[in-house]
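Data first, discussion second: the structure below is written as structure tokens.
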Amino acid sequence: MGKLCLILAIHNHQPVGNFDSVLEEAYQKSYLPFLRTVKKYPEIKLALHYSGNLLLWLKNKHRDFFDSLRALTENGRIEILSGGFYEPILPAISDDDKIGQIKRLNDFIKKEFGCTPKGIWLAERVWEPSLPRHIHAADIEYLPVDDYHFKLTGLADKDLHGYFLTEDEGYEVKIFPGSERLRYLIPFKDVDKVISYLRSVFEDSSLVTRQDAQRPHSSLICMADDGEKFGLWPGTYEHVYPNGWLNRFFSALNENSDWLQTITFSEYTSKNPPTGRIYLPTASYREMGEWALFYPASEDYEDTFNTLKKLFGDEKAQDIMKGGFWKNFLSKYPESNHIHKRMFQISKKVHKAVKRLKSGVRSKKSEVKKITSHASRLTPHELLDELYQGQCNDAYWHGIFGGLYLPHLRSSLYTHLLKAEALSEQVLGLTHYSEKDDIDKDGYRDIFLSTQHLSLFLTEKGGSLYELSYKDKAVNIMDTLSRRHEHYHKKLLESHTHNSALSSSKTATIHEICAVKEKDIANSLIFDTYRKSSLIDHFIPKDTTIEIFKENNYQESGSFIETPYNMRLKNRKASFDVELSKTANVSGLPITVKKSVSIKKVKPEMNITYNVNPVRKLGCGFLSNEVNPIAADRANIFKNTKFCIEFNLSLLGSPMVEIISSGVSNKQWSINSTKEEKGLRLFTLNDKHIHMSVTFEFNKPITLWQFPIETVSSSESGVEKVYQGTTFIIFPDFEEKPFSFMVTLKNYNLN
């Protein structure tokens, strides 16, 4: 009777843009002690995956670790898996980028470790049926996904003791089912329980093999999961290393070698035929499906799942429950969708620029002088590298890890994408241009403007400004995030209501942990009913206070937010001018909001002018206030209502930005404070970290409200408050002439 083959596939990754201190902690608590332990057990074989950016960091910071990894690879102890170099969700990027990212990591592994990878790690196990074509084109033969993918086709555990073939348009790839049960056992349960489960799998699979003489292969079970759970996840370091779990586990594998052996993907496929052919549906791992659900379904999922487990048991409940689809994170979070659609927009420019660089064709004569010396020395590899870094998956979604909710990860995506865009524009000789389309695919027309210094993204939805990026610093100063319901808020509120603490076992899997990092954090739960963008037009009751507004506990008197505006673009010699207008009722009376946004083509400044006036209603139509101004209507409208303009700003998510005002008296305060200032004619945000400033200058004194946007969101270490940006509410005066102001971005001189 043959042995049960066990593939342990360990995936190690840190997001692009993560803090160096976080990477160092992961190295000291997880990556280093894990490899040291592996070296002590020469009989153990593993498949290891490190994302390309993590490999680069390890090579630069810990060369001895890198060399140890190479030595283990050379003697056949470890199989190195490839994947997208910067860990993108493959179905979320273009076909060229899918293949390009994988081939880049293939080449790196071949150069640094002397082997040609034949397997990949699929980021977040996000599978779509068309992937075999692209995986095959990248010279890859096999990959693990979760057994959940297979069970969606009707297969059961007893059917999954091998690997399968799948194909698309005749391009085949081998796929291995990774055991969810093992993911929850290793390393969180006693070693005896893990071995007992493996023994039951061995006995069941041996029985099936004896009954089916047509199945000559050795039975297989695969555990494919994150390496960070071996030391970095909460409570796991003491459990796995000082308390000896990993040593006991590897020793137990050796002690049971008469019926159990560790093996690599390449070794198993070389000795065993496939179990059969399968076509998997679009899927990820089961927990991802839960997180991708819209609210309130995401809130109900766990309750329903627990009820089904009581009725039918864990395995049957898992088979019954069906979650959502990864790409719907782009629907749940418009901020993520914006980055994603800008990434696709930029990818097209990058590949066009790469094609020009590879062809050796210079720009047209009229464009040559516009190309910087940097762009003239640029290589396709460098240009693609910026794009690829902007495709790192972590900040495009959110489950129980920080992801999208971590400002430094979002800003990193913008930094690399904006650099890729600026370099592409230089190669292509583009200094200023515009695009008009539904760029972010939300059903509303958008206008994208690119000048020498700025990139802007305006939409007819609410007449809003979604992006204002400063090319000199590669930063989007409107990279904020709205406060939304999340599935774990229910637990938070329940514990707060019953005055009980959230707790969990120190060695529980991260999917089971719900810890809090601040006492009474449930009191900070505030939910927005609209996206926190800029140029948002409000008509609010006059008795609304800043606290009421901050908590979103007021009622709009008009219907201007996130409703369609008329939008028109004028391309002038020195500027782009966008006109936005809308007529709607305010307190039962019609009013027209007209605003114009003028962007200088050679200066990093934006001029905004507002006209807000009532409209006379005659018969079935409206007569413009310019023909018949009605002072009485104006007085009636603003008797109990006030108009204000909302801006939401974030400079790399830093709460350390200082604000300085100029006017009757100069004042200074922090960007993350809550305050009201009257009589302001000018205020400036100074970021000393990136040496950048943003100045607002008004044609008449305004009242300013300011308060921080703070989300209550989950990360690996627990639920915490995270500063996402600051809301600025501008109250203008329209009595004498149109209200206007200028926004200027510039490099900040520390001297």
Side-chain angles (χ1 to χ4, degrees), residues 2-11 46-47 49 79 81 83 90 118-129 131-132 135 140-168 172-186 194 197-198 200-206 208-209 212 215 217-226 260-269 271-289 314-323 326:
K3 297 182 180 182
L4 174 66
C5 295
L6 171 63
I7 294 179
L8 296 171
I10 310 300
H11 156 65
L46 300 166
H49 170 259
E79 176 181 4
L81 298 180
L90 289 183
K118 291 300 180 183
I120 63 165
W121 180 266
L122 186 64
E124 302 303 330
R125 280 91 94 194
V126 178
W127 172 269
E128 289 189 12
L131 278 178
I135 293 172
I140 293 298
E141 297 179 5
Y142 46 80
L143 71 156
V145 295
D146 260 33
D147 57 7
Y148 177 72
H149 297 61
F150 291 83
K151 291 178 180 180
L152 289 173
T153 70
L155 295 180
D157 284 327
K158 65 180 179 61
D159 306 311
L160 302 179
H161 298 309
Y163 68 91
F164 293 74
L165 291 181
T166 192
E167 57 83 28
D168 184 58
E172 72 175 44
V173 66
K174 304 176 182 74
I175 45 177
F176 288 77
S179 169
E180 180 179 333
R181 180 75 180 276
L182 277 184
R183 284 201 290 114
Y184 276 80
L185 287 171
I186 298 173
V194 179
Y197 175 68
L198 291 173
S200 68
V201 171
F202 168 67
E203 291 173 352
D204 290 345
S205 61
S206 296
V208 171
T209 302
D212 185 359
R215 292 165 58 103
H217 65 271
S218 299
S219 293
L220 171 75
I221 189 167
C222 172
M223 196 287 292
D225 204 7
D226 296 348
L260 178 64
Q261 71 174 107
T262 56
I263 197 169
T264 62
F265 292 107
S266 61
E267 186 179 358
Y268 188 84
T269 56
K271 297 177 180 179
N272 296 276
T275 299
R277 182 176 60 255
I278 194 74
Y279 293 91
L280 300 179
T282 295
S284 180
Y285 50 93
R286 182 180 55 79
E287 300 91 341
M288 179 70 81
D314 289 7
E315 292 186 14
K316 187 63 175 177
Q318 291 169 6
D319 293 343
I320 295 172
M321 289 297 290
K322 302 294 188 293
W326 186 89

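Basis for what follows: all heavy atoms, side chains included, without hydrogens, waters or symmetry-related copies.
Here the closest heavy-atom approach between residue V173 and residue I140 is recorded as CG2-O, 4.5 Å. Of all heavy-atom pairs between E180 and D147, the closest is N-OD2, 3.2 Å. When all heavy atoms of W121 and A9 are compared, the closest pair comes out as CZ3-O, 4.3 Å. Contact detail for L4 and S205: the closest heavy-atom pair is CD1-OG, 4.4 Å. Shown here for K3 and S218, the closest heavy-atom pair between the two residues is O-CB, 4.1 Å. Closest approach of S266 to E79, counting heavy atoms only: N-OE1, 3.1 Å.
Between L90 and V126 there is no side-chain heavy-atom pair separated by less than 4.5 Å. Residues L143 and I135 have side chains in contact (heavy-atom distance under 4.5 Å, counting atoms from C-beta outward). Here the side chains of R277 and F164 are not in contact, with every heavy-atom distance at 4.5 Å or above. Side-chain contact between F150 and V145 is present, with heavy atoms from C-beta onward closer than 4.5 Å. Proximity of L280 to P129: side-chain heavy atoms (C-beta onward) are nowhere separated by under 4.5 Å. Looking at heavy atoms from C-beta onward, I175 lies in side-chain contact with W127 at the 4.5 angstrom threshold. You'll find the side chain of I7 stays beyond 4.5 Å of the side chain of T264, heavy atoms only. Between T275 and L220 the shortest side-chain heavy-atom distance does not fall below 4.5 Å.
One finds the OG atom of S179 at 10.5 Å from the CG atom of D225 (value rounded to the nearest 0.5 Å). In this structure, L198 CG and L260 CG are separated by 6.0 Å, a value rounded to the nearest 0.5 Å. We find the CG-NE2 distance between L160 and H149 to be 12.5 Å, quoted to the nearest 0.5 Å. Taking NE2 of H161 as the start and SG of C5 as the end, the distance is 12.5 Å to the nearest 0.5 Å. K158 contributes atom NZ, which lies 10.5 Å from atom CG of D204 (distance to the nearest 0.5 angstrom). From K118, atom NZ reaches atom CD1 of I120 across 13.0 Å, with rounding to the nearest 0.5 Å.
Scanning for ring pair (Phe, Tyr, Trp, His ring centres under 6.0 Å) contacts around Y148 gives an empty result, with sequence neighbours left out. Listed by chain and residue number, nothing satisfies the ring pair (Phe, Tyr, Trp, His ring centres under 6.0 Å) test with Y197 (two or more places apart in sequence, or in another chain). Take K174 and apply the salt bridge (charged side-chain N to carboxylate O under 4.0 Å, His left out) test, not counting sequence neighbours, and it matches no residue. Residues meeting the salt bridge (charged side-chain N to carboxylate O under 4.0 Å, His left out) test with E124, sequence neighbours left out: none. Taking the salt bridge (charged side-chain N to carboxylate O under 4.0 Å, His left out) definition, one finds that D157 meets it with K151, sequence neighbours left out. Here K322 pairs with nothing under the salt bridge (charged side-chain N to carboxylate O under 4.0 Å, His left out) rule; sequence neighbours left out.
Side-chain N or O atoms of Y268 include none that pairs as donor or acceptor with a backbone N or O of L6 at under 3.5 Å. Side-chain atoms of N272 never come within 3.5 Å of backbone atoms of T269 as a donor-acceptor pair (strictly under, hydrogens ignored).
The ring of F176 has its center closer than 6.0 angstrom to the ring center of F265.
For the pair D146 and R183, the salt-bridge criterion is met [side-chain N within less than 4.0 Å of a carboxylate O].
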Assess the residue pair I10 and M223 against the criterion (side-chain contact (heavy atoms from CB on, under 4.5 Å)); give the C-alpha distance rounded to whole Å, side-chain angles, the decisive distance to 0.1 Å, and a yes or no. CA-CA 8 Å; I10 310 300; M223 196 287 292; 3.9 Å; yes
